[in-house]
Amino acid sequence: MDGAVRRGLCMGLFDFLKVTVKDEKKAAPRRPNPPGGPTNVIEFDGKSFPLAGVSHKGFVATGFDGSLIPSQTARITVRIDDACGKFTFAATVTIEEVKGGSVSGAWNMLPPEVETTIRKYLQIRKQKTGK
């Protein structure tokens with residue numbers, strides 16, 4: 001038996017932890033952005049959802065697949081690229097509401113420079129669009 005153990009023929013006590021299981025669930029397809037159109041999105045887990053709104057407090061995204069639930073903390077990337085600004089940042093958020101294909105979340109401790117960038121973006125957008 002000692003020879004078998006040395007050759008690795010016996011299963012160790014914790015070898016079951018080394019077993020990997022492939023997730024059969026397919027990721028949602030990436031939604032292509034129209035060429036030359038705005039690309040304001042949130043991204044996480046290889047998925048992308050259009051931003052309906054963003055502020056210094058949080059965001060609202062549409063076309064959501066329900067993969068996050070209220071009170072969950074998530075790490076997302078926000079990409080803004082439209083006539084009013086172009087910037088990208090990563091943030092940790094707390095999901096506030098998932099309803100009717102949309103999701104809203106609140107930022108958890110945004111760095112001051114990101115909050116300033118968002119405020120400037122909103123100011124420019126209000127001047128250009130009135131919204």
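None of the values given here were measured: they were computed from a predicted structure.
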One pair to check against side chain to side chain contact (heavy atoms under 4.5 Å, CB included): Thr77 and Thr88. What are the steps and the verdict? CA-CA 7 Å; Thr77 299; Thr88 300; 3.7 Å; yes
Show, in sequence, the C-alpha distance, side-chain angles and deciding distance for Val78 and Trp107, and conclude whether the side chain to side chain contact (heavy atoms under 4.5 Å, CB included) test is met. CA-CA 11 Å; Val78 178; Trp107 313 124; 3.7 Å; yes
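Pairs engaging residues 90-99 under the side-chain hydrogen bond (donor to acceptor under 3.5 Å, both in side chains) rule: Arg75-Thr92, Thr94-Asn108 [sequence neighbours left out].
Judged by distance alone, with hydrogens and angles left aside, the side-chain atoms of Asp65 form a donor-acceptor pair with the main-chain N or O of Ser67 at under 3.5 Å.
Contact between Ser104 and Val60 at its shortest, heavy atoms only, is CB-CG2, 3.9 Å. Here the closest non-hydrogen pair linking Cys84 and Ile124 is O-CG2, 3.6 Å. Looking at every heavy atom in both residues, Leu122 comes nearest to Ser55 through CD1-CA, 3.7 Å.
We find the CD1-CG distance between Ile42 and Leu68 to be 7.5 Å, quoted to the nearest 0.5 Å.
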Determine all donor-acceptor pairs shorter than 3.5 Å in which one atom belongs to a side chain in residues 109-119; sequence neighbours excluded.
residue, atom, partner, partner atom, Å
Glu115, OE2, Arg119, NE, 3.3
Glu115, OE2, Arg119, NH2, 3.0
Thr116, OG1, Pro112, O, 2.9
Thr117, OG1, Glu113, O, 2.8
Arg119, NH2, His56, NE2, 3.3

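Classification of the Phe49-Phe64 ring pair by plane angle, with boundaries at 30° and 60°, yields perpendicular.
Side-chain contact between Asp82 and Tyr121: present, with at least one pair of heavy atoms (C-beta onward) separated by less than 4.5 Å.
Legend: residues meeting side chain to side chain contact (heavy atoms under 4.5 Å, CB included) with Ser71, ordered by chain and number and at least two apart, are absent.
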